[in-house]
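The structure appears below as structure tokens.
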Amino acid sequence: MTPADEAPFEARSPKGTHDVLPPESARWEALIATFARLAELHGFRLAHTPLFEDARVFRRGIGEASEVVGKEMYEFDDRSGRRLALRPEGTASIVRAFVQHRPPTPWRVWYLTPAFRYEQAQAGRYRQHHQVGAEVLGTDDPDLDVEVITLAHDFYFALGLRAFRLRLNSLGDATCRPGYLAELRAFLAAIASTLCEEHREVWDRNPLRVLDCKRAACIEATASAPRLIDHLCEPCRAHFARVTGGLDAASVRWDLDDRLVRGLDYYTRTTFEFNASGIEGASDAIGGGGRYDGLSESLGGPVTPGIGFGSGVERILLACDAEGSFATAAPSPDVFIVDVTDGEFARDLVLALRRDGIRAERAYDGRSMKSQLKAADRSGAARAVIVGPAELETGTAVVRDLVAGTQRTVALDELRGELAQDEGQGAP
Ligand code: HAM
């Protein structure tokens with residue numbers, strides 16, 4: 001028994017998590033279907049990897065110094081003493097799977113996954129959130145950067161989002177970044193005492209992150225800091241130019257943000273983030289990603305460049321709410337069966353109709369005609385099939401149009417064919 005076991009039990013989901021239930025879940029289904037369709041269109045195939053991994057997949061992949069690994073990861077020992085971690089994001093797991101299976105490249109996969117981070121729970125920031133994402137491994141062709149960013153952009157557009165902004169940066173590579181970091185360190189060393197309280201102490205550990213700090217002191221103190229974008233080596237500069245040219249050609253609007261660093265340490269070259277203007281504060285990022293040309297090697301794999309993005313389902317839906325877009329109605333049945341005999345007719349007909357591809361529902365527990373008709377109305381069905389003892393006797397049923405209020409009598413042996421025709425399914 002731990003002290004937690006002795007606390008009074010309440011059937012509630014843990015802090016920072018939430019249930020996704022009908023009718024809200026209809027929006028999730030539609031969002032996921034939209035992403036799946038677009039990802040397939042762009043040549044991505046579904047990948048599904050375990051929710052937990054050897055904790056080192058994330059330690060080495062995302063970086064010990066990142067907040068996600070250092071402060072937020074859910075880690076535990078299993079019963080055999082293996083150190084495991086719940087996935088805080090999707091990319092490291094996908095690259096682990098790549099290293100393990102060595103599929104032919106370019107390897108393009110998309111995913112839908114919960115992700116776990118022990119964050120301060122607030123609106124738009126959860127301890128379990130969900131991401132849709134896509135990754136490509138095996139090429140550093142900048143045209144793929146354009147394809148990946150365009151996929152994310154077109155996905156948001158398909159959901160009806162318009163009030164978002166794409167911030168773009170290049171973080172350079174192993175050739176140009178070290179020289180830049182030395183220059184940035186020298187700059188920060190001279191002004192360290194004026195940085196925000198946190199970065200005053202730790203600026204040296206990850207100097208790039210100081211540039212990404214949202215506190216006024218850091219923003220002011222680093223206003224004239226050297227910019228990585230001005231220090232790119234020629235191949236990185238050419239890569240970035242090809243990416244921005246491709247985005248322009250695809251009519252994807254972007255803003256250069258030379259301070260965009262992002263919170264995961266694997267990024268090289270192209271990095272980007274989509275921010276929605278409708279959701280305020282630190283949680284306005286609806287998606288982000290970039291290149292990670294060294295990640296495969298850091299997990300013991302071959303040198304394999306990669307690029308991808310992940311996008312938070314909850315945040316996208318908050319942005320949709322703010323713009324009044326992507327309202328999705330929960331599906332209603334096509335037909336509701338009202339049976340006031342012993343219910344056998346309804347029992348058999350719902351199953352037969354479902355086999356015909358018609359969404360059929362019924363009432364249970366031998367309820368009265370009035371109560372069943374009420375249930376039919378509430379269900380949102382377009383039609384009701386009504387059967388009482390008189391209809392059964394004459395081998396007929398009444399088909400009522402619940403919107404127009406009209407009705408007709410149909411012979412039982414023609415009923416399935418007629419309903420299938422009504423629903424555009426063709427005769428069974
Ligand atoms: P990330 O920026 O850490 O990147 O997360 C991606 C997206 O997940 C964010 O833009 C946001 O929409 C959502 N998100 C992150 N944390 C939370 C949270 N606590 N609550 C709600 N939503 C959240 C990655 O995870 C990278 N794996 C993206 C990537 C893929 N880079 C390359 N490939």
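Heads up: numbering here begins at 1 and tracks the sequence.
- Comment: R209 does not engage E67 in a salt bridge, judged by the lack of any side-chain N to carboxylate O separation of less than 4.0 angstrom.
- Under a cut-off of 6.0 angstrom, the local environment of OH in Y74 is crowded, with over 12 non-hydrogen atoms contributed by other residues, nucleotides or ligands.
- Figure legend: cation-pi geometry between R269 and F240 absent, as NZ or CZ is not positioned both under 6.0 Å from the six-membered ring centre and within 45° of its axis.
- In terms of the side-chain hydrogen bond (donor to acceptor under 3.5 Å, both in side chains) criterion, residue partners of H18 (sequence neighbours excluded) are, by chain and number, E314.
- The existence of a salt bridge linking R359 and D334 is confirmed by a sub-4.0 Å separation between a basic side-chain nitrogen and an acidic carboxylate oxygen.
- Relative ring orientation between Y266 and Y292 is described as perpendicular, the plane-to-plane angle rising above 60° on a 0-90° scale split at 30° and 60°.
- In summary, E234 and R237 engage in a salt bridge, as defined by a charged side-chain N under 4.0 Å from a carboxylate O.
- The ring pair (Phe, Tyr, Trp, His ring centres under 6.0 Å) check on F157 picks up H153, with sequence neighbours excluded.
- Under the 3.5 Å distance criterion, the side-chain polar atoms of E273 are left unmatched by any main-chain donor or acceptor of A285.
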R400/V338 under side chain to side chain contact (heavy atoms under 4.5 Å, CB included): CA gap, chis, key distance, verdict: CA-CA 10 Å; R400 180 182 294 180; V338 173; over 6 Å; no
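- Just one residue in the list L353, V350, L349 forms a side-chain contact (heavy atoms from CB on, under 4.5 Å) with V335, and that residue is L353.
- For A36, the side-chain contact (heavy atoms from CB on, under 4.5 Å) partners two or more places apart in sequence, or in a different chain, are W110.
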Worked verdict on R27 versus D321 for salt bridge (charged side-chain N to carboxylate O under 4.0 Å, His left out): CA-CA 11 Å; R27 263 181 127 195; D321 288 342; 2.9 Å; yes
Test side-chain hydrogen bond (donor to acceptor under 3.5 Å, both in side chains) applied to D284 and N275, step by step: CA-CA 5 Å; D284 68 351; N275 301 84; 3.0 Å; yes
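- Between R79 and D77 there is no salt bridge, since none of the side-chain N atoms of the basic residue sits less than 4.0 Å from a carboxylate O of the acidic one.
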